[in-house]
Amino acid sequence: MKRRDFIQKTAAGTAFLALPAPLMSFAADVKHIVVLHTNDVHSHIDPFPPDDPRNANMGGVSRRASLIESVRKENPNVLLLDAGDVFQGTPYFNYYGGELELKLMSMMRYDLATMGNHDFDNGIEGFYKQLPHAQFDFVSANYNFKNTVLDTIVKPYKVFDKDGIKVGVFGLGVELQGLVDKKNYKETVYLNPVEVATDVVKVLKEKEKCALIICLSHLGYAYKDDPEKISDLKLAAQTRDIDLIIGGHTHTFLDKPTVVKNLDDKEVLVNQVGCYGINLGRIDFYFEHDRQKAGGSKVITV
């Protein structure tokens, strides 16, 4: 995609949220962190064909990589994240078992991902077998892998330092029982995501001293037919100190993040960019010297 087309397509989706006037001047003491994200790519390596009825010529790893690099050239403080279901959906997965997906994500320099239910489709051992191809980590706080091959490998969270700003990122996964064959996830234990998030965020805030806290969630955006089921919107409303929830699982296409008030009546951004690598999400955070946060968002059509 040409730079001019990129600007035209993203301008309409840009929204600055409660951005104080001094930050708009991009003063020297303002630090700028860019969060790029995907979800539910489902092994889509190639763009959709020209005759596809819904997504003609859209997506593709090559285009996504070019967009990511263009953002990195503008700002070195980029985090590239994925909210799960990297695997399953095209013959690439059936043939290579996830190797190609993880190698390409490594080439694009993904920083972190969480696990979706389809990442168990070749069994937990099949996922483990492909991890040497990933030059990035996976995090999941509410899957207890104690009695599995992923014990101590998939950690609850990871902390990044971007231009002196500590960013804590943790993962949450959907309930596997009834969704994934038991033989595929074996002794993995699902823990309540709200309770786990409350504990992990407290660690990230108080122990790790993170100024920005992000949740990589594969819980799903919302469930109209099952209002009691924990979703990203419910997670945001029932917790504290999460700044951004990057979602997956429900293949929800959002033009801009949904803003939810948390338990302290503070705003939480909830975003999800559909599926199949069609869109690349972008959230910009700005920090003044006193670490006051403000944010803006874009959805980039790949």
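What you see is a predicted model, and the numbers here were worked out from it, not measured in a lab. The analysis underlying the following values was restricted to heavy atoms, covering all of them including side chains, and did not include hydrogens, waters or symmetry mates.
- You'll find the ring centres of Phe138 and Phe136 inside the 6.0 Å limit.
- For Val273 against Thr38, the heavy-atom pair with the smallest separation is CG2-CA, 4.1 Å.
- At a threshold of 4.0 Å, the pair Arg282-Asp284 counts as salt-bridged, since one of the basic side-chain nitrogens sits closer than that to a carboxylate oxygen.
- Atoms CZ and CE, on Arg63 and Met58 in that order, are 9.0 Å from each other to the nearest 0.5 Å.
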(request) In sequence, state the C-alpha distance, the side-chain angles, and the governing distance for Ile214 and His37, and then conclude on side chain to side chain contact (heavy atoms under 4.5 Å, CB included). (result) CA-CA 11 Å; Ile214 301 171; His37 62 93; over 6 Å; no
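- Atom CD of Gln272 sits about 9.0 Å away from atom OH of Tyr221, to the nearest 0.5 Å.
- Checked against His42 for a side-chain hydrogen bond (donor to acceptor under 3.5 Å, both in side chains), the options His118, Glu101, His251 give a single hit: His251.
- Between the side chain of Lys209 and the main chain of Lys166, no donor-acceptor pair closer than 3.5 Å is present.
- Between Asp121 and Phe93, the closest side-chain pair of non-hydrogen atoms falls below 4.5 Å.
- Note on ring orientation: taking the six-membered ring where Trp is involved, the planes of Tyr190 and Tyr143 are tilted (angle from 30° to 60°).
- Side-chain contact between Asn117 and Leu176: present, with at least one pair of heavy atoms (C-beta onward) separated by less than 4.5 Å.
- Side-chain contact check for Asn77 and His32: no donor-acceptor pair (N or O, by modelled atom type) lies under 3.5 Å.
- The main-chain N or O of Ile246 is never found under 3.5 Å from a side-chain atom of Asn271 such that the two would form a donor-acceptor pair.
- Shortest non-hydrogen contact noted between Thr239 and Thr198 is CG2-OG1, 4.1 Å.
- Using a 4.5 Å heavy-atom threshold, the side chains of Phe170 and Val196 count as separate.
- In this structure the side chain of Asn39 never reaches within 4.5 angstrom of the side chain of Thr252, judged on heavy atoms.
- Contact annotation: the side chain of Arg54 never approaches that of Tyr276 to less than 4.5 Å [non-hydrogen atoms, C-beta and beyond].
- With contacts defined as side-chain heavy-atom distances shorter than 4.5 Å, the pair Ile242/Asn262 does not qualify.
- Counting only heavy atoms from C-beta outward, the side chains of Leu100 and Tyr95 never approach each other to under 4.5 Å.
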(message) Set out, in order, the CA-CA distance, both residues' side-chain angles and the distance that settles side chain to side chain contact (heavy atoms under 4.5 Å, CB included) for Asn122 and Lys129, then state yes or no.
(response) CA-CA 10 Å; Asn122 273 354; Lys129 180 181 177 181; over 6 Å; no
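- Around the NZ atom of Lys182, the shell of radius 6.0 Å holds more than 12 heavy atoms that belong to other residues, nucleotides or ligands.
- Using a 4.5 Å cut-off on side-chain heavy atoms (C-beta onward), Ile153 and Phe145 make no contact.
- Ring pair Tyr96/Tyr92 is parallel by interplanar angle, where below 30° counts as parallel and above 60° as perpendicular.
- Here Lys183 does not pair with Glu125 in a salt bridge; the nearest charged N to carboxylate O distance is not below 4.0 Å.
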